[in-house]
Protein chains: 2
Amino acid sequence: MSGIPSAGPQPADLWPEVQPDAARRLMLAGVESFARRGYHATTTRDIAATAGMSPAALYVHFPSKAALLFTISRSGHEQVLGLAQQAIDEAGDPATAIHDLVERFTTWHAQRHTIARVVQYELEALPEQEYGVVASLRKDIERLVRDVLDRGVADGVFTVGDAGTAARAVLSLGVDVARWYTDRSRLTPEELGREYGHLVLRMLGAATGERP
Amino acid sequence: MSGIPSAGPQPADLWPEVQPDAARRLMLAGVESFARRGYHATTTRDIAATAGMSPAALYVHFPSKAALLFTISRSGHEQVLGLAQQAIDEAGDPATAIHDLVERFTTWHAQRHTIARVVQYELEALPEQEYGVVASLRKDIERLVRDVLDRGVADGVFTVGDAGTAARAVLSLGVDVARWYTDRSRLTPEELGREYGHLVLRMLGAATGERP
DNA sequence: ATCCGCGCTGAGCGCTCGCTTACACTGCTG
DNA sequence: CAGCAGTGTAAGCGAGCGCTCAGCGCGGAT
């Protein structure tokens with residue numbers, strides 16, 4: 001159905017547009033630290049040390065530790081939203097759309113599992129206003145999936161008891177990948193994405209013409 | 001297939017065996033605080049205030065804040081392991097076993113979503129030794145699911161590309177419920193459990209004799 | 001040659017953290 | 001009644017936190 005080539009597993013080329021270079025290094029260091037220990041257990045000294053700078057350097061580029069998290073989180077959510085939207089736009093029918101969306105969504109969460117962990121599990125640490133921005137992006141993503149599911153049910157390709165619950169389940173599978181996937185996991189991000197795309201179609205009652 | 005009656009949505013009767021009463025109130029306060037803000041963002045003063053005591057009272061019953069988390073986490077993991085084991089023991093075949101396991105697992109995570117959040121998402125805050133104990137319980141749970149899946153594949157009732165990946169997916173669905181479920185969610189824990197039990201059977205390629 | 005402004009640092013401020021200590025109250029036991 | 005174990009508190013210690021600030025080095029414009 002889709003078959004996206006891997007963009008490379010390293011996050012080195014994340015945020016190529018962020019200027020100056022030091023700000024990007026701080027974001028990278030923040031992702032690393034937040035993912036490993038969690039936002040609240042991470043100190044600004046940790047982040048600075050990982051980025052090879054003094055603690056005060058953080059405040060030259062970001063007004064606060066929370067603002068650094070927000071920049072990371074918003075960017076990640078925008079990437080995911082874009083990737084979901086693209087999968088839907090490029091697909092002709094709901095089954096292909098859901099399949100490709102799940103495949104790319106899952107692959108992204110496995111490939112970028114460090115940033116994905118921050119994106120999915122540290123958003124409650126955001127200040128109220130910033131949280132609102134991110135929450136709105138999350139609603140957009142859920143709405144996208146929900147709408148495709150509704151179309152599929154209307155077309156008779158999906159059979160689900162409750163579309164809202166099914167949408168949650170579809171996203172849950174991909175989101176949870178960020179929790180358990182590591183670089184030592186047996187399947188590559190692409191293999192996992194393909195497998196999950198398949199599982200989800202079956203879960204939704206869409207015949208995929210398979211047999212072992 | 002199963003149909004477990006709800007044990008009551010309130011966690012008031014959790015840990016009825018914990019003595020003295022003040023220790024249980026502290027655990028309850030800890031669960032509440034850890035779930036809402038996360039372990040590291042929770043202060044011992046928060047916990048004590050929620051339990052209606054002075055900060056020093058915590059140390060009468062627990063040697064440290066981390067020990068309180070450990071007590072909560074271990075107990076929760078033991079409950080989940082027990083519930084999974086029981087579902088398997090009571091079922092005659094792999095399909096029924098997986099269905100009932102997912103149903104009870106999901107219902108538990110929705111009904112006890114506050115403690116489930118702590119159990120599933122705060123374990124990395126545990127000290128190394130305590131983490132080991134909990135990690136071992138988690139391995140037991142995963143092994144349980146994995147074994148049932150293997151049996152089902154051998155019997156020809158399940159069709160999956162990779163049993164390990166499928167086991168992860170099955171557990172992911174239930175675990176992630178703790179992240180998004182709230183008391184205001186549209187489906188009751190029991191309804192959600194039934195729906196997820198159904199979805200998982202279909203995901204595993206087990207015909208359930210359904211049609212809308 | 002001088003100046004400016006950006007990127008960065010060393011030092012440290014004010015505060016809150018987990019936890020300890022000294023002590024008080026209660027009810028039970030001899 | 002004295003003694004004691006169990007349960008609680010008020011006060012506060014030392015450490016580490018997020019963040020600030022005065023100043024420094026340096027490349028480019030004047």
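Protein chains get the first letters and strands the later ones, always in sequence-line order, with residue 1 at the start of each.
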**OP1 or OP2 of D/dG8 under 4.0 Å from side-chain N/O of B/His61** = yes
**Asked** What's the CZ-P distance between A/Arg25 and C/dG7, to the nearest Å?
**Response** 12 Å
**Message:** Quick test of your reading of the model: are B/Arg143 and B/Asp140 salt-bridged, counting only N-O distances below 4.0 Å?
**Reply:** no
For nucleotides 15-24 of chain D, give me every protein contact, N/O to N/O, under 3.5 Å, one pair per line with atom names.
| residue | atom | partner | partner atom | Å |
| --- | --- | --- | --- | --- |
| D/dG18 | OP1 | A/Thr42 | O | 3.1 |
| D/dG18 | OP1 | A/Lys65 | NZ | 2.9 |
| D/dG18 | OP2 | A/Thr44 | N | 2.9 |
| D/dG18 | OP2 | A/Thr44 | OG1 | 3.2 |
| D/dG18 | N7 | A/Arg45 | NH1 | 3.0 |
| D/dG18 | O6 | A/Arg45 | NH2 | 3.1 |
| D/dC19 | OP2 | A/Tyr59 | OH | 2.7 |
| D/dC19 | OP2 | A/Lys65 | N | 3.0 |
| D/dC19 | O5' | A/Tyr59 | OH | 3.4 |

**Message:** What I want to find out is whether A/Arg168 reaches A/Glu142 closely enough, with some N-O distance under 4.0 Å, to be called a salt bridge.
**Reply:** yes
**Prompt:** So, the side chain of A/Thr42 versus the backbone of A/Ser33: is there a donor-acceptor pair under 3.5 Å, distance only?
**Reply:** yes
**Request:** Test B/Val148 against every option in B/Val153, B/Ile88, B/Val170, B/Thr96 by the side chain to side chain contact (heavy atoms under 4.5 Å, CB included) rule and name the one that passes.
**Result:** B/Ile88
**Item:** Nearest-angstrom distance from the residue atom CE of B/Met53 to C1' of D/dG6
**Value:** 13 Å
**Message:** Is any side-chain heavy atom of A/Arg37 closer than 4.5 Å to one of A/Asp46?
**Reply:** yes
**Nearest heavy-atom neighbours spanning A/Arg202 and B/Leu204** = NH2-C, 3.5 Å
**Request:** Give the rounded distance in Å between these two atoms: CZ of B/Phe34 and C1' of C/dG18.
**Result:** 12 Å
